[in-house]
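Working notes, structure below.
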Amino acid sequence: MPRPKRKAAPPTRSSDADSSVRSEAKKPRGNQSNRIDQLFESYANKTLGLIDPEGIEALCKDVNVDHTDVRMLIFAWKMKAEKQGYFSKDEWRRGLKCLGADTHAKLKKAVEGLDKELKAPECFEDFYSYAFQYCLTEEKQRSVDIETICELLNIVLKSEFPNQVNLLIEYLKVQNDYRALNMDQWRSFYRFFKEVEFHDLENYDSSQAWTVIIDNFVEWMKEKEKN
């Protein structure tokens, strides 16, 4: 998932101590809820009472998944995490119970298979909207900057629509009309990729209430094709 723009200053930690705590968390103890809480504590910033960006980096290392891997964003979606780069204990409990993961081994296996959670179209659409919402890091923020939008497109859509994503990112980087995009514009990208044949754009109908940025993108592609 996109790296958070800002981090809270973490308390001084001992990497050896953290590693030892996580090792203990790998050993099942007590009931499922207790084991899930033990896993949380092994990654949590004790001062904040949250898993912070440093804890997420440790988690990524332990489950052998890069922080930019779509599965980490899916993991946040399963938890319904509200603040980018931070997981609360309630969010952690919700996500791990949903995944049936109460040990380190089960968590690693669950994270490895998270992309399967998006097979149903309705699940992917919910996740796709969540990915945008998760990037709204400031109070009352309604739009996401172009740089982050490009990162999200690569993470969320490129595996399914590689050529379309490459073209859209190229357009977003050269256009001068938008410095940030809102949720409606973000959703229109996925709809456009699903419904329009890119090789000739013949089934594109500008009267179908597309967002203006889609109309502009189509015009840019047509001009690009002429050249």
Is there a donor-acceptor pair closer than 3.5 Å between any side-chain N or O of Gln175 and the backbone N or O of Leu172?
yes
Can you tell me how the ring of Trp92 sits relative to the ring of Phe75, calling it parallel under 30°, perpendicular over 60° and tilted otherwise?
perpendicular
Only counting residues at least two apart or in another chain, list the ones meeting side-chain hydrogen bond (donor to acceptor under 3.5 Å, both in side chains) with Gln133.
none
Quick check: Tyr43 with Phe87 (ring centres under 6.0 Å apart)?
no
Assess whether side chain to side chain contact (heavy atoms under 4.5 Å, CB included) is satisfied between Asn45 and Ile51, documenting all intermediate values.
CA-CA 6 Å; Asn45 179 314; Ile51 296 177; over 6 Å; no
Any donor-acceptor N/O pair, Gln141 side chain to Glu138 backbone, under 3.5 Å:
yes
Pair Glu125 + Lys194, salt bridge at N-O below 4.0 Å:
yes
Between Glu225 and Lys222 (salt bridge meaning N to carboxylate O under 4.0 Å), is one present in this structure?
no
Tell me if the aromatic rings of Phe193 and Phe198 count as close, with their centers under 6.0 Å from one another.
yes
Among Lys108, Lys109, Lys116, which residue satisfies the side chain to side chain donor-acceptor pair (under 3.5 Å) criterion with Glu112?
Lys108
Quick one: does any side-chain atom of Tyr134 pair with a main-chain N or O of Gly85 as donor and acceptor, under 3.5 Å?
yes
Side-chain donor-acceptor contact under 3.5 Å, Ser207 with Asp205
yes
State, with a plain yes or no, whether a side-chain heavy atom of Val70 is found less than 4.5 Å away from one of Ser159.
no
Once you round to the nearest 0.5 Å, how far does CG of Asp184 lie from OG of Ser143?
12.0 Å
Please check this pair: side chain of Glu91 against backbone of Glu82, looking for a donor-acceptor N/O pair closer than 3.5 Å.
yes
State plainly whether the residues Glu57 and Lys61 are in salt-bridge range, i.e. N to O under 4.0 Å.
no
Side-chain contact, heavy-atom cut-off 4.5 Å: Tyr171 with Ile213?
yes
Between atom SG of Cys135 and atom CG of Leu181, what is the distance when rounded to the nearest 0.5 Å?
12.0 Å
Out of curiosity, Leu168 CG to Phe189 CZ, how far, rounded to the nearest 0.5 Å?
4.5 Å
Reported CD-to-CE distance for the pair Glu170 and Met221, which is rounded to 0.5 angstrom:
11.0 Å
Would you sort out whether Arg93 and Asp37 count as a salt bridge (Lys or Arg N to Asp or Glu O under 4.0 Å), showing the intermediate values?
CA-CA 7 Å; Arg93 287 169 172 167; Asp37 286 354; 2.8 Å; yes
Would you please test Lys97 and Ser33 for side chain to side chain contact (heavy atoms under 4.5 Å, CB included) and show each step?
CA-CA 8 Å; Lys97 285 180 180 178; Ser33 294; 3.6 Å; yes
Can you tell me if Trp186 uses its side chain to pair, donor with acceptor, with the backbone of Ala131 under 3.5 Å?
no
Given Asp145 and Arg179, is the side chain to side chain contact (heavy atoms under 4.5 Å, CB included) satisfied, shown in steps?
CA-CA 6 Å; Asp145 65 274; Arg179 287 187 288 183; over 6 Å; no
Under the side chain to side chain contact (heavy atoms under 4.5 Å, CB included) test against Met72, which residue among Ile155, Leu59, Leu114 passes?
Leu59
Could you grab the distance from atom NZ of Lys224 to atom CG of Leu167, nearest 0.5 Å is fine?
6.5 Å
What class does the angle between the rings of Phe192 and Phe217 fall in, given that below 30° is parallel, 30 to 60° is tilted and above 60° is perpendicular?
perpendicular
Does any N or O in the side chain of Tyr130 come within less than 3.5 Å of the main-chain N or O of Ala76, such that one atom is a donor and the other an acceptor?
yes
Salt bridge or not for Glu41 and Lys89, using N-O below 4.0 Å?
yes
With a 3.5 Å cut-off and no angle check, do the side chains of Ser129 and Arg187 form a donor-acceptor pair?
yes
Do the side chain of Trp210 and the main chain of Tyr204 share a donor and acceptor less than 3.5 angstrom apart?
no
Side-chain touch Leu73/Val156, heavy atoms, less than 4.5 angstrom:
yes
Would you find a donor on one side and an acceptor on the other, under 3.5 Å apart, between the side chain of Asn203 and the backbone of Glu195?
yes
How many angstroms lie between atom CG of Leu107 and atom CZ of Arg35, to the nearest 0.5 angstrom?
13.5 Å
Decide yes or no on side chain to side chain contact (heavy atoms under 4.5 Å, CB included) for Leu96 and Asp102, but give the supporting numbers first.
CA-CA 7 Å; Leu96 268 65; Asp102 59 1; over 6 Å; no
Could you work out, with side-chain hydrogen bond (donor to acceptor under 3.5 Å, both in side chains) as the rule, every residue matching Asp126, not counting sequence neighbours?
Trp77
Between Glu117 and Lys78, does any NZ, NE, NH1 or NH2 come within less than 4.0 Å of an OD or OE carboxylate oxygen?
yes
For Arg94 and Asp90: C-alpha separation, side-chain torsions, deciding distance, then whether salt bridge (Lys or Arg N to Asp or Glu O under 4.0 Å) applies.
CA-CA 6 Å; Arg94 181 189 301 127; Asp90 285 343; over 6 Å; no
Just by modelled atom types, is the Val65 backbone N or O under 3.5 Å from a matching donor or acceptor in the Asp69 side chain?
no
